[in-house]
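For reference, the structure is listed below as structure tokens.
Labels below follow one simple rule: chain letters A, B, ... track the order of the sequence lines, proteins then strands, and each chain is numbered from 1. Just so you know, these numbers use all the heavy atoms, side chains as well, and skip hydrogens, waters and symmetry mates.
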2 protein chains.
Amino acid sequence: MRGYDKYAFEPFAVTVDLAVFTVRAGELQVLLVERGQAPYAGRWALPGGFVLPHESAETAARRELAEETGIVDVSGLHLEQLRTYSEPGRDPRMRVVSVAFTALVPDLPEPRGGGDAAQARWLPYGGAGALAFDHDRILADARERVGAKLEYTCLATSFCPPEFTLGELQQIYETVWGTALDRPNFRRKVLATPGFVEPVPGAARLTGGRGKPAALYRAGAATTLHPPLLRPEGRSS
Amino acid sequence: MRGYDKYAFEPFAVTVDLAVFTVRAGELQVLLVERGQAPYAGRWALPGGFVLPHESAETAARRELAEETGIVDVSGLHLEQLRTYSEPGRDPRMRVVSVAFTALVPDLPEPRGGGDAAQARWLPYGGAGALAFDHDRILADARERVGAKLEYTCLATSFCPPEFTLGELQQIYETVWGTALDRPNFRRKVLATPGFVEPVPGAARLTGGRGKPAALYRAGAATTLHPPLLRPEGRSS
DNA sequence: GCTGTTTATAGTCATTACGACTATTAAGGA
DNA sequence: TCCTTAATAGTCGTAATGACTATAAACAGC
């Protein structure tokens with residue numbers, strides 16, 4: 001049925017929705033905006049907006065990410081298409097097809113509302129009540145995808161600042177997966193994977209915590225983990 | 001920027017594109033249609049079409065799959081959303097956002113053209129020249145996705161008929177990955193994964209080939225492989 | 001029939017990866 | 001100075017895997 005003149009077609013509105021994750025205070029947090037008007041007034045929703053005529057969905061998503069987080073240079077952040085949600089009734093006002101994206105940001109850049117009505121805020125995953133539209137579903141899908149990708153990619157470093165300790169990296173895994181990991185085993189695995197992390201030439205974090213100071217690492221050149229770092233018990237969270 | 005009355009939006013056409021794979025004669029084959037009109041007249045393209053007003057993209061994809069393959073009961077086939085392609089120039093005529101799907105079908109139901117102008121045909125992967133639009137890209141993405149999913153899911157059985165031998169299952173892996181696998185090791189791995197395959201009560205294929213008859217299996221209840229069945233050498237194809 | 005080819009299936013063996021630990025080291029705080 | 005805390009080092013047994021060799025059961029051809 002590829003013949004544009006043979007069948008009529010209905011134009012749809014196309015939007016992007018963003019599931020932006022960060023790990024702060026040992027907690028998985030999500031960037032959300034509060035809706036000011038119906039439908040779902042007062043409910044939290046994923047940030048997003050229309051794809052403009054000259055944009056691809058990826059471009060629109062990156063633009064929205066910059067607008068909502070207030071981060072100026074958004075080019076280094078991990079942004080990845082999740083999937084497209086197109087159920088006919090997902091927006092009660094009109095037919096909206098939404099391309100959802102997942103983004104991972106390193107630390108806690110408290111969002112600067114980018115001239116928009118609704119202010120974006122970090123909220124704990126699951127701590128915002130029922131979200132607007134089908135955003136609970138999107139957010140759950142995004143979390144599952146992130147958890148799965150931690151197993152076989154080096155994606156976890158996207159949550160970390162440029163220099164980090166192995167303890168911080170481990171906490172990313174523990175927070176996203178919701179499980180505790182054995183510290184020596186985690187360390188052995190990470191260091192045995194070539195290109196996952198590389199040591200910062202001559203440094204050890206000293207003044208921070210109260211234990212033995214930890215060595216600093218930065219992200220390496222590898223993107224995939226072979227063999228993968230599987231979460232315990234098969235499935236979790 | 002979630003405020004529909006604040007910004008204008010451009011309506012887009014929304015289509016689905018299908019990358020339908022099968023393994024036949026030890027070869028990975030793809031369902032393609034020949035374009036009869038400009039643009040890309042005479043070139044091969046992925047089957048697909050518009051999402052109708054009352055449909056989700058998944059519904060439209062399944063409808064197209066039934067139309068193009070001629071398979072009556074399409075409900076058991078594996079159909080999965082791949083990703084959405086939305087580059088502004090991807091269709092020279094108009095702004096089209098396309099949700100791509102990947103389908104795996106078991107055997108060789110030679111397609112019955114479903115009342116459509118262009119007849120769908122099975123062609124070897126890579127053997128159809130340059131495809132229309134950005135379909136080369138979509139098809140490559142789909143193949144990579146399928147190859148990756150074979151590693152950690154039981155998806156390979158979707159390529160097989162209801163009852164199959166372990167040799168046939170192994171050939172699925174070898175064909176999709178483009179690598180040879182050690183037969184005893186493959187067999188050990190598959191049988192050691194509970195729920196991947198289960199033996200057919202009392203049967204062994206006899207008359208078929210020229211070697212020792214192989215036992216028949218059918219797909220089990222499991223959907224994921226723990227631990228995964230990694231393809232050799234990390235990346236391939 | 002016998003023989004050889006072909007393919008399925010059974011098993012071996014060494015290496016690696018991994019989960020569950022224990023031990024040591026280097027800080028800060030009381 | 002001692003205690004607590006956290007990082008790092010190392011051990012040990014088991015599971016998983018890659019690379020094999022061996023046997024069994026069919027058919028083709030002579």
Side-chain angles (χ1 to χ4, degrees), chain A residues 25-26 150-152 160 163-175 177 179-194 196-200 202-217 222 224-234 236, chain B residues 26 150-152 160 163-174 177 179-200 202-218 222 224-234 236:
Chain A
L150 288 193
E151 292 190 327
Y152 57 95
C160 294
E163 299 188 347
F164 52 87
T165 69
L166 293 186
E168 290 170 345
L169 186 64
Q170 180 176 350
Q171 195 165 58
I172 302 296
Y173 277 89
E174 293 181 331
T175 303
W177 285 351
T179 31
L181 300 175
D182 180 81
R183 197 179 281 266
N185 289 343
F186 178 81
R187 150 181 217 84
R188 185 218 299 166
K189 175 71 182 175
V190 170
L191 295 178
T193 303
F196 192 0
V197 299
E198 55 186 28
V200 173
R205 152 179 286 176
L206 294 150
T207 168
R210 32 183 195 284
K212 176 176 174 178
L216 287 175
Y217 294 86
T224 58
L225 256 45
H226 272 275
L229 176 47
L230 300 175
R231 53 191 142 178
E233 203 58 34
S236 89
Chain B
L150 288 194
E151 291 191 327
Y152 57 94
C160 294
E163 299 189 346
F164 52 87
T165 69
L166 293 187
E168 290 170 345
L169 186 65
Q170 180 176 350
Q171 195 165 57
I172 303 297
Y173 277 89
E174 293 181 330
W177 286 349
T179 32
L181 299 176
D182 181 81
R183 197 180 280 265
N185 289 343
F186 178 82
R187 153 182 215 83
R188 185 216 303 164
K189 174 70 183 176
V190 170
L191 294 178
T193 303
F196 191 178
V197 299
E198 55 185 28
V200 172
R205 152 178 286 178
L206 294 152
T207 168
R210 32 182 193 283
K212 176 176 174 178
L216 287 175
Y217 295 85
R218 56 171 69 110
T224 58
L225 254 46
H226 273 275
L229 176 48
L230 300 175
R231 54 191 141 179
E233 204 57 34
S236 90

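Residues B:Pro194 and B:Ala192 approach most closely at CD-O, 3.2 Å, considering heavy atoms. Here the closest heavy-atom approach between residue B:Leu229 and residue B:Trp177 is recorded as O-CH2, 3.2 Å.
In this structure, A:Phe186 atom CZ and C:dA17 atom P are separated by 17 Å, rounded to whole Å. The CG atom of B:Leu230 sits 8 Å away from the P atom of D:dG18 (whole-angstrom rounding). In this structure, CG of A:Leu229 is placed 13 Å from P of C:dA17, rounded to the nearest angstrom. Between the CG atom of A:Leu191 and the P atom of D:dA7 there is a distance of 13 Å, rounded to whole Å. Straight-line distance from the CG atom of A:Leu181 to the C1' atom of C:dC18: 13 Å, rounded to whole Å. Rounding to whole angstrom units, NE2 of residue A:His226 and P of D:dG18 are separated by 12 Å. Nucleotide C:dA8 holds its P atom 12 Å from the CG atom of B:Leu216, rounded to whole Å. A:Gln171 places its CD atom 11 Å from the P atom of D:dA6, with the value rounded to the nearest Å.
Applying the side chain to side chain donor-acceptor pair (under 3.5 Å) rule to B:Asp182 yields the partners B:Asn185; only residues at least two apart in sequence or on another chain are considered. Residues satisfying the salt bridge (Lys or Arg N to Asp or Glu O under 4.0 Å) criterion with B:Arg218, sequence neighbours excluded, are B:Glu163. Take A:Gln170 and apply the side chain to side chain contact (heavy atoms under 4.5 Å, CB included) test, not counting sequence neighbours, and it matches A:Glu174, A:Leu181, A:Arg183, A:Phe186. Remark: A:Pro227 engages A:Lys189, B:Leu230 in a side chain to side chain contact (heavy atoms under 4.5 Å, CB included) (not counting sequence neighbours).
A sub-4.0 Å separation between OP1 or OP2 of D:dT17 and a side-chain N or O of B:Lys189 is present.
Taking 4.5 Å as the limit, every side-chain heavy atom of A:Thr179 sits out of range of all side-chain heavy atoms of A:Tyr173. Using a 4.5 Å heavy-atom cutoff, the side chains of B:Cys160 and B:Leu169 are in contact. At a threshold of 4.5 Å between non-hydrogen side-chain atoms, the residues B:Phe196 and B:Thr224 do not count as touching. Side-chain contact between B:Leu166 and B:Tyr217: present, with at least one pair of heavy atoms (C-beta onward) separated by less than 4.5 Å.
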List, with names and distances, any nitrogen or oxygen atoms from the protein found under 3.5 Å away from nitrogen or oxygen atoms belonging to nucleotides 11-13 of chain C.
none

Where do N or O atoms of nucleotides 1-3 of chain D meet protein N or O atoms at under 3.5 Å, pair by pair?
none

Report, one pair per line, the protein and nucleotides 1-7 of chain C atoms (nitrogen or oxygen only) whose separation is under 3.5 Å.
from, atom 1, to, atom 2, distance (Å)
C:dT7, O2, B:Lys212, N, 3.2

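A donor-acceptor distance shorter than 3.5 angstrom exists from the side chain of A:Thr165 to the backbone of A:Glu168, with no hydrogens or angles considered.
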